[in-house]
Engineer: 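I'd like to ask some things about the structure below.
Remember, predicted model here, so these are calculated numbers, not experimental data. Protein chains get the first letters and strands the later ones, always in sequence-line order, with residue 1 at the start of each.
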There are 2 protein chains.
Amino acid sequence: MLKKDYRNRLLSTATLLFAERGLNGVSIRELSKAAGVSISMISYYFGGKEALYSAILKEQFSCFDYMEQIINKDSAPLAKIRDYIRWTIKRHRDNPYLLRYYTSELTNPTKYFSTIVQPTIGNAIQMLVEIVEEGISLGEFREELNPVDTVLVMAAMANYYFLSTHATEKFINHSPDRDEELLTNYMDIFTKGIVNQQEKSN
Amino acid sequence: MLKKDYRNRLLSTATLLFAERGLNGVSIRELSKAAGVSISMISYYFGGKEALYSAILKEQFSCFDYMEQIINKDSAPLAKIRDYIRWTIKRHRDNPYLLRYYTSELTNPTKYFSTIVQPTIGNAIQMLVEIVEEGISLGEFREELNPVDTVLVMAAMANYYFLSTHATEKFINHSPDRDEELLTNYMDIFTKGIVNQQEKSN
DNA sequence: GTCTATATTGCGATAGAC
DNA sequence: GTCTATCGCAATATAGAC
């Protein structure tokens, strides 16, 4: 066995278990058994259960470091928004656990929320707000839009579909095959709204 | 002291603590101390910690029983949607804990998810889907809309604003004073979309 | 590095006094 | 109904053998 083998086994097993049941829902006894590693290795490699959790949080949120790169600076604001939503959907597919940590921290924050989660999300929102403001100043978006409210609608759409999976799988197919259609439908609603302009009656 | 006094004190204290830190984040020792009641009262009144949690869940989700009544059957579909969003915002104001239980159960489901949470949410989504389908068949909404995707955008907007409060309070004022403005902004985006029809450039 | 064994603390539940 | 005391067990962490 290589030196890092057990460390990585603990990390990946813990990522799965903490995502499913939260920090307090998993004991290091169970975790070490599931990973096939001695319980003492958790303190040895990470310094304890909470430190292991914080290592996972940092890893999970590191993908936001690349958000700036996926948005083409030369695109129109609407294309940037499409890039963001497509990237968000892909992110949830590539790492199905991130959303669990994100919403778990939003709902029941641990002491790591303010140091790891909040700054990362704050940065992302800031970038999106600037895109909306750019769209407004270019005259492409309606000038009466509240940029932050608009950004939250965007983020809400892209995340809630995955967040609500357990409660909505009876109503709609959540397979990745439908992701491009989802992107189209969401961009469609976001850009045009749902009223039929031809027969607008209110 | 009346018979129901201690029972209610346990219930309200537990509702607060479980909302903040989850079922596994609170011990019945701490809970009983916070409520000023003996620890044995939890078993006496509820049958144990998990049974107390399930009683809270049922109480929290009972407000969905009245959802049908807040939607005026004679209104146009768009007005019904406005009623739903206004009711959802009010619901989060009247009971700031419901969203915690809702997202906590979606993210880290307990054994009560399938019996209490899922049926309630399923019912609500079914009703909203029917409203969108009605709007489409009346020609008021675009016929190419996917009703479920559309409903999820609606629910996403109305819930994500509150869910993300901890991460977004630096960007926007979450005071109830702004709730009517929020409703207006969200309905505005949902109905018209964000593109400026006058200078539409894509 | 990895394990076993154990120290220590805290957990949920309940018996039994009042 | 309510409390105190306690049972049995599981929690995290770590000392010490290898």
Engineer: Specify the separation, in whole Å, of atom CG of D5(B) and atom C1' of dC3(D).
Structural biologist: 16 Å

Engineer: What I'd like to find out is whether the side chain of L11(B) reaches to under 4.5 Å of the side chain of L52(B), using heavy atoms alone.
Structural biologist: yes

Engineer: Polar atom pairs between nucleotides 10-16 of chain C and protein, under 3.5 Å, N or O only, would you list them?
Structural biologist:
unit_1	atom_1	unit_2	atom_2	d
dC11(C)	OP1	S27(B)	OG	3.1
dG12(C)	OP1	K49(B)	NZ	2.7
dG12(C)	OP2	I28(B)	N	2.7
dG12(C)	N7	R29(B)	NH1	3.2
dA13(C)	OP2	K49(B)	N	3.0

Engineer: Does anything in residues 47-57 of chain A form a salt bridge (charged side-chain N to carboxylate O under 4.0 Å, His left out)? List the pairs, not counting sequence neighbours.
Structural biologist: E50(A)-K111(A)

Engineer: Whole angstroms only, please: what is the CG-P distance between N8(A) and dG1(C)?
Structural biologist: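 Whole-Å distance recorded here is 13 Å.
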
Engineer: To the closest 0.5 Å, what do you measure between CG (N72(B)) and CG (D83(B))?
Structural biologist: 7.0 Å

Engineer: Side-chain contact, heavy-atom cut-off 4.5 Å: Y112(B) with V117(B)?
Structural biologist: no

Engineer: Round to a whole Å and report the spacing from CZ of R9(A) to C1' of dT2(C).
Structural biologist: 12 Å

Engineer: Between R178(B) and S175(B), is a side-chain hydrogen bond (donor to acceptor under 3.5 Å, both in side chains) present by the stated rule, with each step listed?
Structural biologist: CA-CA 6 Å; R178(B) 216 179 67 83; S175(B) 143; over 6 Å; no

Engineer: Taking atom C1' of dC3(C) as reference, at what distance in whole Å does atom NZ of K33(A) sit?
Structural biologist: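 After rounding, the reported distance stands at 14 Å.
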
Engineer: For a quick test of reading the model: is some side-chain N or O of Y45(B) closer than 4.0 Å to OP1 or OP2 of dT2(D)?
Structural biologist: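 Yes, such a contact exists.
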
Engineer: Which pairs, with at least one residue in residues 10-32 of chain A and sequence neighbours excluded, count as a ring pair (Phe, Tyr, Trp, His ring centres under 6.0 Å)?
Structural biologist: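 Output for this query lists F18(A)-Y53(A).
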
